[in-house]
A.B. asks: 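One structure coming up, written as structure tokens, with questions to follow.
If you're wondering where the values come from, they're calculated on a predicted model, not measured in any experiment.
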Amino acid sequence: MVASDPSITIFGDWGTSRLRLYLRQGKSVLHRRDGPGIGSLTASPEQTFLDLVGDWREAGPETILLCGMVGSRNGWIEAPYAPCPADAAAITQRLVKVEAQGLTVSIVPGLSCTNPLGGPDVMRGEETQILGALALNPELKTGRHLLAMPGTHTKWVVVEDGAISSFLTAPVGEVFAILREHSILAKAAAGDAPATPEGFDLGLSRITDKGAALLPHLLFETRSRQLIDGLPKADAMGFLSGLLIGADAAGAAGWFGQLGKVALIGAPALNVLYAKAIAAAGGDSFEIDGDAAVLAGLSSLSTSLTRDAHVLA
């Protein structure tokens, strides 16, 4: 049996579409491996994980932490949502542990809250990125701040004095994909070119001029501008994106008040679009690398877990 090394850790970000595993020594990443997401497994999560870590076991990792959809009902084992407000210590206390051929794997829970609109809301995986954002940007640990996490289900997150206090989800990416693939809005012209920045700016300007409340009416212009004005399909898809993202940012400004300086955690291309929309809604923004935030968040949880273990000892 290989003795564990407290400086060796395995971190994993296991979402619906992909798995990213990291073997670390201290703060250095020794190796990285990618694998299938929870939504596309051909074997059990346990077997998939064990096949990927393989020879990493020889390094004697003391801590193994996985975040994301691996902790969902469709994942390896369900890690129940932790209620907000929540900080690293509160999340660490709710880690769910599972044994896998002699390895103890800790799975990070998601978060739940009553959102600013008075409804229930949940996240899974983003909480780790948020903790990482706080670690990478210590100024976010003091006072009240707004973070935006663009994606399939965009999250607008309020952090107060280092704790995640509430958040609000908008399925912007999912709605865009549904309308693009399955609605009449996209079928007026041929072609499947990527959405253009020019189209995005036009859609954003319509939301800015008319207001987010008129989004249902403005959406039809995605089709009518192709039919009447000859708007190319690529511009029309950009227009649709501008409408949806612009309305999302305008809505966030409505419930948060003044947007101020928003921390953006997402894919670079999406961050650019959200930065435009936030500026149009009267705010400012800065970008935090999503991959770096995941690793920093898992590191924060690992530190908290180790500290708690020492206290118990």
Side-chain angles (χ1 to χ4, degrees), residues 115-119 121 146-158 166-264 266-287:
N115 68 31
L117 302 181
D121 216 328
L146 180 63
L147 289 69
M149 310 180 79
T152 302
H153 296 156
T154 295
K155 307 286 184 183
W156 295 87
V157 184
V158 178
S166 68
F167 53 90
L168 183 63
T169 303
V172 176
E174 185 171 12
V175 171
F176 176 79
I178 291 170
L179 293 176
R180 181 190 59 200
E181 301 296 332
H182 303 291
S183 81
I184 196 67
L185 299 181
K187 298 187 182 300
D192 292 306
T196 64
E198 294 79 11
F200 180 89
D201 292 343
L202 179 60
L204 180 58
S205 70
R206 290 294 282 163
I207 286 292
T208 304
D209 292 343
K210 300 300 181 183
L214 291 179
L215 175 63
H217 308 281
L218 294 170
L219 282 173
F220 191 70
E221 290 185 19
T222 305
R223 176 170 171 79
S224 61
R225 285 177 178 271
Q226 294 178 75
L227 295 170
I228 302 303
D229 296 342
L231 188 70
K233 187 172 181 179
D235 286 350
M237 293 303 93
F239 179 82
L240 177 62
S241 177
L243 290 177
L244 292 171
I245 292 176
D248 186 24
W255 66 261
F256 190 77
Q258 293 184 343
L259 286 178
K261 193 157 189 162
V262 181
L264 277 170
L270 268 179
N271 284 343
V272 169
L273 300 181
Y274 265 85
K276 286 185 177 182
I278 288 168
D284 193 8
S285 62
F286 66 99
E287 186 173 359

A.B. asks: With rounding to the nearest 0.5 Å, note down the distance linking CD in Glu174 to OG1 in Thr169.
C.D. replies: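 Interatomic distance, Glu174 CD to Thr169 OG1, rounded to 0.5 Å: 11.5 Å.
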A.B. asks: With heavy-atom distances below 4.5 Å as the criterion, would you say the side chains of Leu240 and Leu179 are in contact?
C.D. replies: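 They are in contact (side-chain heavy atoms under 4.5 Å apart), so the answer is yes.
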A.B. asks: Which atom names give the shortest non-hydrogen contact between Lys233 and Ala186, and what distance separates them?
C.D. replies: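 Closest approach of Lys233 to Ala186, heavy atoms only: CE-O, 2.8 Å.
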A.B. asks: Less than 4.5 Å apart, any side-chain heavy atom of Thr222 and any of Met237?
C.D. replies: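 A side-chain contact under 4.5 Å exists here.
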A.B. asks: Looking only at heavy atoms, which two atoms of Ala277 and Gly246 are closest? And how far apart?
C.D. replies: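 For Ala277 versus Gly246, the nearest heavy atoms are CB-CA, 4.1 Å.
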A.B. asks: Taking atom CG of Leu214 and atom CD1 of Ile207, what is their separation to the nearest 0.5 Å?
C.D. replies: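 Atom-to-atom, Leu214:CG and Ile207:CD1 are 8.0 Å apart.
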A.B. asks: Out of curiosity, Phe256 CZ to Leu168 CG, how far, rounded to the nearest 0.5 Å?
C.D. replies: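 The distance works out to 12.0 Å.
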A.B. asks: If I compare all heavy atoms of Glu287 with all of Gly266, which pair ends up nearest, and what's the gap?
C.D. replies: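 Here Glu287 and Gly266 meet closest at OE2-O, 4.4 Å.
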A.B. asks: Would a 4.5 Å heavy-atom cut-off, applied to side chains only, mark Ile245 and Phe200 as touching?
C.D. replies: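 Yes, side chains in contact.
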A.B. asks: Heavy atoms only: give me the nearest Ala249-Trp156 pair and the separation to one decimal.
C.D. replies: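 Closest approach of Ala249 to Trp156: CA-CZ2, 3.8 Å.
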A.B. asks: Can you give me the closest heavy-atom contact between Ala281 and Leu259, atom names plus distance?
C.D. replies: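 Answer, listing the atom of Ala281 first, then Leu259: CB-CD1, 3.7 Å.
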A.B. asks: Got Leu243 and Glu221 here, is their nearest side-chain heavy-atom distance under 4.5 Å?
C.D. replies: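 They are not in side-chain contact.
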A.B. asks: At what distance, to the nearest 0.5 angstrom, does CG of Asp229 lie from CG of Asp235?
C.D. replies: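 Here the interatomic distance stands at 11.5 Å.
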A.B. asks: Is any side-chain heavy atom of Leu264 closer than 4.5 Å to a side-chain heavy atom of Pro150?
C.D. replies: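 Counting from C-beta outward, Leu264 and Pro150 do come under 4.5 Å.
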A.B. asks: For Trp255 and Asn115, what are the C-alpha separation, side-chain angles and deciding distance, and is it a side-chain contact (heavy atoms from CB on, under 4.5 Å)?
C.D. replies: CA-CA 10 Å; Trp255 66 261; Asn115 68 31; over 6 Å; no
A.B. asks: Would you compute the distance between atom CG of Leu147 and atom OG of Ser285 and round it to the nearest 0.5 angstrom?
C.D. replies: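 Nearest 0.5 Å value for the CG-OG distance: 11.5 Å.
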A.B. asks: Could you grab the distance from atom CZ of Phe220 to atom CZ of Arg225, nearest 0.5 Å is fine?
C.D. replies: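 CZ of Arg225 is found 12.5 Å from CZ of Phe220.
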A.B. asks: Measure across Asp248 and Ala170 and return the closest heavy-atom pair with its distance rounded to 0.1 Å.
C.D. replies: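 That would be OD1-CB, 3.4 Å.
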A.B. asks: Taking the side chain as everything from C-beta on, heavy atoms only, tell me whether Phe239 gets closer than 4.5 Å to Leu185.
C.D. replies: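 Answer no - side chains too far apart.
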